[in-house]
2 protein chains.
Amino acid sequence: MTQRHTEACPIAHSLNIIGDRWTLLIVREAFGGISRFSDFHKRTGIAKNLLTDRLALLVQEGVFEKSDIGERGVRYAYHLTESGRALLPVMVALHMWGNENLFGDGEEPVLLVDRTTGEPIQSMAMLTSSGASVLPENIRRRPGPGAPALKTGD
Amino acid sequence: MTQRHTEACPIAHSLNIIGDRWTLLIVREAFGGISRFSDFHKRTGIAKNLLTDRLALLVQEGVFEKSDIGERGVRYAYHLTESGRALLPVMVALHMWGNENLFGDGEEPVLLVDRTTGEPIQSMAMLTSSGASVLPENIRRRPGPGAPALKTGD
DNA sequence: AATAGTGGTAGCAATTCGAAACTATATACT
DNA sequence: AGTATATAGTTTCGAATTGCTACCACTATT
């Protein structure tokens, strides 16, 4: 895995980790309870050498943790870390986008529902710390505390 | 662009379109108001042949629309469609994940804020049609109306 | 001892990427 | 008219990545 994007942008950095054709499918399976190498392999169809590479990167980046479960020979389990579980909104957003924009109403192969009520998830909202919901058109990017200093000729 | 994932899963299908190292950077720029080929090229650093391919796919998939702006020679503008703008939650989720999990508190290079109040976006919530917020642990995947029929030996 | 399952490596062909050079069209400048 | 500049690509080609298939080491089962 060669690092690609070096800009100071969280999206670019995120893409260095999950920006490929397979990684989010692995994560999807992990959210579904899959934790074993061979199960990821079977359920996603990813080649084993790629799965090896991807899992190693994801472990290195703290998305998964690999544990040796001392069962019958060499056996490991890959579980999402806190950081990995924090990818849930990304997965949900992607899922909903796919349903709405690639399949369309009545054609969704998989729905997301509230386990407790059975109601389908319908939208995502962006909230400030005060709990206020922010409209898409009011979202703005702003330099953060870790923004690279502007070249000033210091 | 060869189609890769064929499973009946909205995430897999989404990844066929935006699951690569560059596409979401192009989309990011588009949200920032960029619409020209050369500007996407300059701002993201993507190779021109790849940019050509990606934009063509994105136009084909209805994420962008290409319009001929009759200005000084060959000039086109690529604008997000409704479907493209619907990627905003994906972008926001990815942005926030990167900030929290790859940079950390106080190191964020770019923050998302509410333009009207200046307050930072802090979280995303998943809502049902009734407006109820669903906790991450209560989200469940369920076969939808477009789910492929189970093999029944019909 | 032979067979099967897990978690990988190794080798290799095919595909894709990345950088640079080149093309085509139109405008602006001298 | 000739030259320079800008946009929006296309082409070329070497390098890197991907996708198979085969193989390996370890353990348990038959």
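Letters A, B, ... are given to chains in the order of the sequence lines, protein chains preceding strands, and every chain is numbered from 1.
Nearest nucleotide to the side chain of R75(B), out of dC20(D), dT7(D), dG8(C): dT7(D).
Judged by distance alone, the side chains of T44(B) and E29(B) never bring a donor and an acceptor atom under 3.5 Å apart. Judged purely by distance below 3.5 Å, without hydrogens or angles, the side chains of T128(B) and E119(A) pair a donor atom with an acceptor atom.
Put simply, NZ on K66(A) is 12 Å from C1' on dT6(C), counting in whole angstrom units. When rounded to the nearest whole Å, the span between NZ of K48(B) and C1' of dT7(D) equals 8 Å. The separation between L50(A) atom CG and dA14(C) atom P is 18 Å, rounded to whole Å. Atom CG of L51(B) is separated from atom P of dG9(D) by 8 Å (rounded to the nearest Å). We find that CZ of R54(A) is positioned 15 Å from P of dG8(C), with the value rounded to whole Å. Distance N49(A) CG to dA13(C) C1': 13 Å, rounded to the nearest Å. The distance between atom NE2 of H41(B) and atom P of dT10(D), rounded to the nearest whole Å, is 14 Å. Across the protein-nucleic acid pair, L57(B) atom CG and dC17(C) atom C1' stand 16 Å apart, rounded to whole Å.
Note on Y78(B): only backbone sugar-phosphate atoms sit closer than 4.0 angstrom, heavy atoms only; bases stay farther off. T52(B) comes within 4.0 angstrom of a base, heavy atoms only.
A salt bridge links R28(A) with E7(B): at least one charged nitrogen is closer than 4.0 Å to a carboxylate oxygen. The pair D20(A)-R54(A) counts as a salt bridge, with a side-chain nitrogen and a carboxylate oxygen less than 4.0 angstrom apart.
In this structure, H79(B) has its ring center at least 6.0 angstrom away from the ring center of F64(B).
If you find the closest nucleotide of DNA chain D to I46(A) and to R36(B), the one lying nearer the 5' end belongs to R36(B).
For R4(A), no side-chain nitrogen or oxygen approaches OP1 or OP2 of dC17(C) to under 4.0 Å. Considering only side-chain N and O atoms, W22(A) lies nowhere under 4.0 angstrom from the phosphate OP1 or OP2 of dT18(D). OP1 or OP2 of dG5(C) has not a single side-chain nitrogen or oxygen of K42(A) nearer than 4.0 Å.
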